Structure formats: structure tokens, C-alpha cells
Amino acid sequence: MCGIWALFGSDECLAVQCTNAMKIAHRGPDSFRFENVNGYTNCCFGFHRLAIVDQLYGMQPLRVKKFPYLWLCYNGEIYNHIMLRDHFEFDYQTKVDGEILLHLYDRFGIEKMAALLDGVFAFILLDTANRKVFLGRDTYGVRPLFRLLTDDGFLAITHSTSTPAKITPFPPGHFEVFDLKLNGKVESVLMDCFHCCTDEPKHASYNNLKGLGTGFELETVKSNIRILFENAVRKRLMAHRRIGCLLSGGLDSSLVAATLVKLSKEEQLPYPIQTFAIGADDSPDVAAARKVADYIGSEHHEVSFTPEEGIRAVEEVILHLESYDITTVRASVGMFLISKYIREKTDSVVIFSELRVPFLDHRFTAYYLSLPEEMRAPKDGVEKHLLRDSFKGMKLIPDEILWRRKEAFSDGLTSMKKSWYTSLQEHIKSEVNDSQLEKAAKLFSFNPPTTKEGFYIRQVFEKMYPGRCEWTPHYWMPRWIKATDPSARTLSIYKPDKDHFENISGFTNCCLGFHHLAIMDQLYGMQPLHVKKFPYLWLCYNGEIYNHIMTKVDREIFLHLYDRFGIEKMVALLDGVFAFILLDTANRKVFLGRDTYGVRLLFRLLTDNGFLATFAIGADDSPDVAAARKVADYIGSEHHEVSVTPEEGIRAVEEVILHLESHINLNLQPQLKATRWQQCFAEQDLHSVIQCFMYVPNIEVTDSQLEKAAKLFPFNPPTTKEGFYIRQVFEKMYPGRCEWTPHYWIPRWIKATDPSARTLSIYKPDKDQ
């Protein structure tokens with residue numbers, strides 16, 4: 001950011017006036033300049049620079065030889081300046097993106113100039129040849145701009161409002177035209193809007209994005225969202241200084257950070273992208289941001305936040321914020337502290353923030369707002385469903401972050417045990433008494449505060465900006481639910497998207513645990529599921545029930561079916577993929593179940609004393625053992641790994657065949673290691689053991705024996721030495737019962753001589769390449 005300031009028609013000494021311009025010095029710490037206008041001694045420009053592009057010619061007011069009558073002071077970034085320069089064949093004299101304003105104005109005039117700018121900006125343009133002054137501000141007002149116009153034609157423009165005069169915000173998406181009189185005073189002659197939020201911006205016609213489709217077919221829309229979003233991030237890589245990104249671990253900031261890291265590698269930026277998160281030690285946002293940073297490979301910084309630091313910063317935040325909206329102040333405290341850290345501790349200068357860009361990219365938002373309302377509406381209780389669904393399967397961010405429910409920034413940066421707003425309110429109780437609050441409506445007739453927190457914030461604001469209460473037209477408050485506080489954590493519908501562990505009433509040594517990936521019904525989707533109608537039933541479940549259509553929570557069908565029909569019919573009626581644990585405390589029963597083909601994982605251990613855990617078996621470098629370990633860590637089970645070697649397997653073959661009552665070598669292989677589990681499972685049914693992959697080496701059988709196999713075993717004759725050995729053992733144990741194994745299993749869809757998947761030509765291991 002930079003600080004811009006200008007006066008036209010000042011009756012006071014400009015040297016005195018320029019001291020006021022130093023009040024916005026924080027907006028441009030690198031350098032500053034004050035310059036009066038030739039022929040107008042009472043007109044002056046002021047500029048505080050944060051050097052982002054063109055260190056040599058970037059100082060302002062910007063003037064070039066081709067247009068000696070034009071003076072420009074602006075703050076912002078014009079992302080399409082090179083595209084427009086090349087299209088219209090403008091002859092640039094600097095590398096400054098703002099130079100495009102001079103060329104566009106000279107050729108097309110002020111209205112078309114403003115409409116063709118793709119960027120965030122606030123500008124003051126002086127044309128001494130035509131005696132005109134122009135002001136303008138970007139579509140959504142990302143860059144601030146304030147102006148004062150007196151009755152006698154004195155005009156003052158600034159980025160901030162630290163002066164005591166009656167200053168008003170300049171409306172976003174507008175430009176204003178002033179006539180400049182000989183005495184330096186001005187007269188406003190036109191204020192007009194150069195955009196419409198739902199219309200594609202005029203500058204889009206100069207940037208044809210590859211792959212952008214038409215129509216409202218869902219896959220086309222999702223593809224367009226991805227294209228426009230990536231374009232919105234890419235265009236913002238134009239800075240000549242280091243780029244960083246704020247990362248809260250929420251959906252928006254995570255998508256921005258991940259896309260930024262991806263594009264920075266494509267553009268071969270000479271530094272890693274830095275990401276920044278702020279919060280208390282047990283903040284859910286900090287934990288989520290850390291997970292995202294690890295996933296995308298950013299250089300991550302975590303800034304510790306305490307309520308005490310936040311309280312000390314409140315007044316300074318209100319000063320810079322120029323608002324007394326309660327939720328805005330709460331959220332901005334964290335933003336202020338993390339910005340302070342970035343400025344003091346790092347070399348990142350250009351900061352991506354989901355609060356303003358790129359989600360306020362004009363082309364992106366215009367497209368999104370043009371979509372049918374039903375496409376943009378929440379789905380299955382999930383807000384921003386279309387945006388989430390657009391990036392589903394892209395592996396840009398972890399799925400659990402993609403579907404993480406929204407957490408307000410001022411809530412997410414603090415502990416789940418005690419929110420930041422609670423600490424602030426507790427402090428303010430000592431600052432504002434009941435008597436003061438009772439007089440609030442008389443003291444502040446416009447937007448009177450109704451809480452002590454609101455009173456305190458308003459009091460500070462009025463001290464800094466007396467009489468400017470209309471800058472905050474209303475307090476933000478949820479409209480879709482009855483609310484008295486803007487914090488999401490105070491709402492009746494709020495349920496945190498977190499890991500959840502719940503003890504069972506009356507059974508202190510029993511617990512159900514659940515890690516939530518919020519896909520359906522964010523309101524009631526947390527588990528264990530426990531409803532008023534069946535207070536004795538507790539359900540933990542993973543999967544989808546396709547034929548439920550009873551409530552938004554598909555898993556509730558379990559409870560209704562079990563209560564009416566019992567466990568067996570309940571399971572038989574479910575169409576879906578699932579694994580469940582159902583507890584019936586009234587009948588003192590626990591039920592486990594898994595879908596027909598075992599799409600959803602479920603492991604169990606039942607010991608002599610009734611304790612539950614998980615087991616895996618395999619060689620040290622077995623892929624299944626590694627996968628099982630990952631699952632066990634994820635679900636938090638007490639996990640045991642049983643080591644197995646080929647030698648142990650060979651020794652177990654005969655005993656396995658005895659229990660298996662089969663001579664199919666494919667069935668034999670996974671069962672071989674089951675005997676090693678007997679020490680843990682005692683007399684448990686070996687057929688229920690999880691199958692892990694292991695080769696059974698060929699047992700010594702002579703060529704001569706194998707040649708006689710067809711005569712020796714006319715039914716299902718073995719064709720390999722391994723098959724011969726297994727059949728020999730089987731016949732010794734179960735003579736004349738060869739028909740129990742009607743055929744050998746072998747893949748039929750491919751030419752195969754061995755049932756092992758690893759021997760097939762199509763086999764590719766699921767591993768790191």
C-alpha cells in the first residue's frame with residue numbers, strides 16, 4: 001500500500017498543511033514526496049511510498065514527458081497494464097503499472113479509462129491542459145479513499161481520516177469530475193459509476209482465458225470457477241518485492257495460499273512463499289493452518305496471540321480501522337498483530353489476504369454472482385458448497401480443510417475453551433458501568449450500542465473521529481437466526497468442526513471417538529449421534545447411506561431402523577457403504593457392522609477381558625503394515641504389529657491347510673500368517689483375520705512328481721510345484737475330498753499363470769514413484 005494526499009485551493013500555508021500529510025506516513029514507509037502544481041501555488045500532491053514496482057520511476061506524483069499536463073497520484077495495482085499497453089501499442093516511459101492510466105485517459109477519457117482497469121486502486125488525476133481534476137476508486141473499494149469538499153471549492157483527498165475536518169468516504173466503483181478554477185478551487189460537475197457487480201467487466205474482453213466455458217451445466221461452472229480463481233491469483237504476482245500470504249486454515253485462505261504456492265513454482269519466483277497464521281496455542285485455526293502449510297510446502301510462520309495483547313491493541317486498531325462495528329474490531333485485532341509481525345520480522349511486502357483479494361476480483365465475483373441462485377446456495381447444510389465442490393478431487397488442499405466448516409476469524413484464532421470476545425468483554429466490564437450503558441441511546445443517538453463492549457468501542461471511536469458515526473451505517477449481525485452477539489460461537493446452530501470424544505453416561509470406562517470431515521449437515525453431523533427420541537442409543541458411523549431420505553443426517557436412519565426392526569433387518573435394509581458402532585444402553589448391547597464389500601474400514605480386537613484394539617501383520621517393508629499403521633494412528637487405536645518372515649510362513653503351511661480345508665493356493669497365502677496371530681487371538685476364528693499380502697515360496701517338489709500330477713490328482717490337477725505340495729498336504733489330511741475345492745482361482749480377465757496380483761502385467765504398486 002501507499003499513502004496519497006492532495007489539496008486544491010488551500011487558503012492556508014501549504015507548509016503547514018503538509019504536516020497533516022505526515023499522519024498517513026505509516027502507509028508508505030520507504031519514502032515520501034510533496035510537490036505543488038506549476039501555476040497553482042495553493043494546490044499540492046503528497047505521496048508516501050511503499051516500493052512494490054519500479055524502484056527507479058515509481059515515485060509520485062507520476063509525470064511523463066509525453067503528457068506534461070497530467071499529474072497522477074494513485075495507490076494500488078493495475079494487473080492488466082502490460083496487456084493493455086501491448087494491445088493499444090502505448091509507448092511506455094517507465095515500468096510503473098500506473099502509467100497505463102495516463103495513456104488510457106489521453107486516448108479514451110476518464111470513464112472508459114476507469115472501466116478498462118483490472119485491479120485495486122484509488123487515484124487522483126490532474127489535467128492542467130483541460131483544467132480538470134478526477135478521483136476514482138476500484139470496484140469494491142479495496143483501496144480506501146476519502147475526500148472533503150467545502151462550499152467555497154476547497155478539495156482535500158486522502159487515504160486516511162486523521163484530520164478533524166468533515167471528510168466522507170469516496171464511493172467504490174465510481175469516478176468524479178471537478179472543474180479546476182484559476183484560483184485553484186474546484187467545482188464537482190459529475191459523479192458516476194463505471195461498473196455493475198453482476199456484469200462481466202469491460203476489461204475482460206482483452207483477456208481471453210483458455211478453457212472458459214458457457215452455460216450453467218454444473219461441470220462447466222465448476223471448471224470456470226477454477227479457471228477464474230487461478231487467474232485472479234496469477235495476475236497478482238506482478239510485484240517486484242517478496243510475496244506472502246495470510247493463512248487461517250479456513251477454506252478461502254487455504255485455497256489462496258495453495259494456488260499461490262503452485263503458481264509461484266510455475267513462475268519460478270526466486271523465493272519460497274511465506275504463510276502467516278496467528279492464534280492461541282490451542283487455536284483451531286493455527287492447527288488447521290499448520291496442516292495446510294505442511295501440505296502445500298510453504299515457509300510457515302506462527303504468531304502467538306494472547307487476550308492481553310489483543311486488549312492492548314484495541315484502541316490502535318479502531319484508529320486504523322475507522323469503524324466501530326463490533327465484529328470488525330474483534331477480527332481486525334488479530335489482523336493488526338500479524339501485520340505488525342510481518343513488517344518487523346520478515347521481508348514479505350505484498351500480502352495475499354482472503355478478506356479482500358483475490359476473492360474480490362471483479363471478474364471472478366461477477367461470474368459467481370451471475371450464476372443461478374440455487375447453485376450458489378448452501379447444500380446439505382454446507383456453506384460455500386459450490387466453491388468447495390469445484391476444487392473437490394483437485395488435491396490442492398487436504399480434503400478435511402476443503403470441507404472444514406467456517407469459523408469466524410476472531411473466534412478461530414482463540415481457544416475453544418475461551419473465545420477472544422469473552423476475554424475482551426470481561427476486560428470491558430471494568431471500563432464501562434451499568435449506568436453508562438443505560439445512557440447509551442441518549443449519548444449516541446445514531447446506532448446506539450446495546451452492550452458494554454459496543455459502548456466501549458463506540459467511545460474510543462468518537463474520541464478519534466467525533467461526529468463521524470455515519471461511516472458505520474449499521475452493526476453486522478446474523479439475520480438468519482435470532483442473535484444478540486455477532487460471534488458464531490454464541491449461535492445455537494454452532495458446532496465446532498473438530499475431533500470429538502464422548503464418554504458414555506453410566507459407563508465411565510467406555511468412550512466413542514469421532515474425527516469429523518464435515519460433508520453432510522454441518523449443523524447436526526457431529527458424532528456420536530444421540531437423538532431425543534432414542535436417548536439410550538449412541539451411534540458412531542462412517543460412510544454414506546444412499547436410501548435414507550429421512551433427515552439431513554443420513555446416519556439417523558440407523559437408529560429408526562434398529563428401534564423398529566432390530567439389528568439384522570436394519571443392516572439388510574441399508575443401501576450404502578458404511579462401518580458402524582451402535583450402542584444400546586437400555587438393552588446393554590454393542591453392535592458392529594460393515595458394508596457388503598468392506599468399502600469402509602473397520603478393525604476390532606476382543607480380548608478375554610473385553611478390551612478393543614487393532615492388529616496388523618507383515619514383513620518389515622510390507623505396504624499393508626505401513627497402511628495399517630497410518631489407519632491406526634488416524635483412528636487412535638491401540639495398535640499391534642506382528643512381524644512375519646517367509647520361513648515362518650513355510651513352517652505354518654500344513655497347519656493352515658488343516659484349518660482351511662482347501663487346497664487353493666490363493667486362499668492359503670493370506671491365511672499362512674494367521675497362525676502367528678493365535679498368540680493374540682487365542683481360539684478366534686482365523687477366517688475373520690485381516691488379509692495382508694505375503695508370498696509363499698515354492699516348496700521343494702521334483703519335476704518328476706509334477707509330471708505325474710494329472711494322474712495322481714485327476715480332479716483339479718495342480719500345474720505348479722506350489723500347487724502340488726499344497727494338494728499333497730490336503731489329501732493327507734482330507735483324503736478323497738478334493739471336490740470341496742471345485743476349482744482354482746485365477747484371474748480370467750487377463751492371461752495369468754499365478755493368482756498373485758504382483759505377477760500380472762497390469763500390476764502397479766500403490767507407492768511413491
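Only a predicted model underlies this, so the values are computations on that prediction, with no experimental measurement involved.
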Where do Leu155 and Leu7 land on the side chain to side chain contact (heavy atoms under 4.5 Å, CB included) test, with the steps shown first?
-> CA-CA 6 Å; Leu155 176 65; Leu7 297 178; over 6 Å; no
So Thr128 and Leu70, side chain to side chain contact (heavy atoms under 4.5 Å, CB included) or not? Walk me through it.
-> CA-CA 7 Å; Thr128 56; Leu70 297 183; over 6 Å; no
Derivation and outcome, side chain to side chain contact (heavy atoms under 4.5 Å, CB included), residues Thr328 and Trp476 | CA-CA 8 Å; Thr328 305; Trp476 187 89; 5.8 Å; no
Walk me through it: do Asn447 and Arg458 pass the test side chain to side chain contact (heavy atoms under 4.5 Å, CB included)?
-> CA-CA 10 Å; Asn447 268 354; Arg458 179 65 174 273; 3.9 Å; yes
For side-chain hydrogen bond (donor to acceptor under 3.5 Å, both in side chains), just list the numbers for Tyr368 and Arg376, CA-CA rounded to whole Å, side-chain angles, deciding distance to a tenth of an Å, and then say yes or no.
-> CA-CA 8 Å; Tyr368 208 91; Arg376 295 182 277 123; over 6 Å; no
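Checked against the 6.0 Å centroid threshold, Tyr40 and Trp71 do not count as a close aromatic pair. Between Phe229 and Phe359, the distance separating the two ring centers is shorter than 6.0 angstrom. For Phe461 and Tyr324, the distance between ring centers is under 6.0 angstrom.
Note that CD1 of Ile100 is 9.0 Å distant from CD1 of Ile78, once rounded to the nearest 0.5 Å. To the nearest 0.5 angstrom, Phe8 atom CZ is 6.0 Å from Cys43 atom SG. Between Leu263 atom CG and Asn231 atom CG the span is 9.5 Å, to the nearest 0.5 Å. Between atom CZ of residue Arg312 and atom CG of residue Leu337 there is a gap of 9.0 Å, rounded to the nearest 0.5 Å. Between Ile342 atom CD1 and Glu344 atom CD the span is 11.0 Å, to the nearest 0.5 Å. The structure places OG1 of Thr346 at 9.0 Å from CD of Glu299, a figure rounded to the nearest 0.5 Å.
Other residues, nucleotides and ligands contribute only 12 or fewer heavy atoms inside 6.0 Å of the NZ atom of Lys202. When the shell of 6.0 Å around NZ of Lys439 is examined, it contains 12 or fewer heavy atoms from other residues, nucleotides or ligands. Counting non-hydrogen atoms of neighbouring residues, nucleotides and ligands closer than 6.0 angstrom, the CD atom of Glu89 reaches no more than 12 such neighbours.
Counting heavy atoms from C-beta outward, His81 and Leu84 have side chains that stay 4.5 Å or more apart. Within the 4.5 Å cutoff, the side chain of Tyr79 has heavy atoms near those of the Arg236 side chain. When side chains are defined from C-beta on, Phe175 does not count as touching Met191, because their heavy atoms never get closer than 4.5 Å. Between Phe123 and Ile4 the shortest side-chain heavy-atom distance does not fall below 4.5 Å. With a 4.5 Å cut-off on side-chain heavy atoms, Lys463 and Glu315 count as touching. By the 4.5 Å heavy-atom criterion applied to side chains, Ile243 and Leu237 are counted as neighbours.
With Arg143 contributing its side chain and Val120 its backbone, the two residues share no donor-acceptor pair below 3.5 Å. A distance-only check finds a donor-acceptor pair linking the side chain of His174 to the backbone of Pro172 [under 3.5 Å]. Although no hydrogens or angles enter the test, the distance criterion places no donor-acceptor pair under 3.5 Å between the side chain of Arg137 and the main chain of Ala122. A donor-acceptor pair under 3.5 Å links the side-chain atoms of Asp138 to the main chain of Tyr140, judged by distance alone.
Residue Thr275 comes nearest to Ser298 through the heavy atom pair OG1-OG, 2.7 Å, listed as atom of the first residue, atom of the second, then distance. Heavy atoms only, all atoms of each residue included: Gly454 and Thr451 are closest at N-OG1, 3.0 Å. Taking all atoms of both residues into account, the shortest heavy-atom contact from Ala440 to Pro449 is CB-O, 3.6 Å. Here the shortest heavy-atom pairing between Ser332 and Leu321 reads OG-CD1, 3.4 Å. Taking all atoms of both residues into account, the shortest heavy-atom contact from Ala366 to Asp199 is CB-O, 3.4 Å. A pairwise comparison of heavy atoms in Thr472 and Phe446 identifies O-CE2, 3.7 Å as the closest pair.
At a threshold of 4.0 Å, the pair Arg85-Glu99 does not count as salt-bridged, since none of the basic side-chain nitrogens sits closer than that to a carboxylate oxygen. Under the 4.0 Å criterion applied to side-chain N and carboxylate O atoms, Asp347 and Arg242 are assigned as salt-bridge partners. Using a 4.0 Å cut-off between a side-chain N of Lys or Arg and a carboxylate O of Asp or Glu, Arg147 and Glu176 qualify as a salt bridge. No salt bridge links Arg468 with Glu462; every basic N to acidic carboxylate O contact stays at or beyond 4.0 Å. For Asp118 and Arg363, the salt-bridge test fails: no basic side-chain N is under 4.0 Å from an acidic carboxylate O.
With Lys235 as the partner, the side-chain hydrogen bond (donor to acceptor under 3.5 Å, both in side chains) test is satisfied by one option alone out of Asn80, Asp361, Asn207: Asp361. The side-chain contact (heavy atoms from CB on, under 4.5 Å) test with Phe154 singles out one residue from Asn42, Val186, Leu148, Leu149, and that residue is Leu148.
Using the six-membered ring where Trp is involved, His203 and His362 have ring planes that are perpendicular, over 60° apart on the 30 and 60° scheme. Ring orientation note: the planes of Phe336 and His320 are close to parallel, at an angle under 30° on the 30°/60° scale.
Counting only N and O atoms by type, the side chains of Tyr271 and Ser264 include no donor and acceptor under 3.5 Å apart. Counting only N and O atoms by type, the side chains of Asp152 and Thr150 include a donor and acceptor under 3.5 Å apart.
Legend: ring-ring contact (aromatic ring centres under 6.0 Å, His included) pairs involving residues 86-110, not counting sequence neighbours, sorted by first then second residue: Phe67-His103, His87-Tyr206, Phe88-Phe90, Phe88-Phe108, Phe88-Tyr206, Phe90-His103, Tyr92-His103, Tyr105-Phe134.
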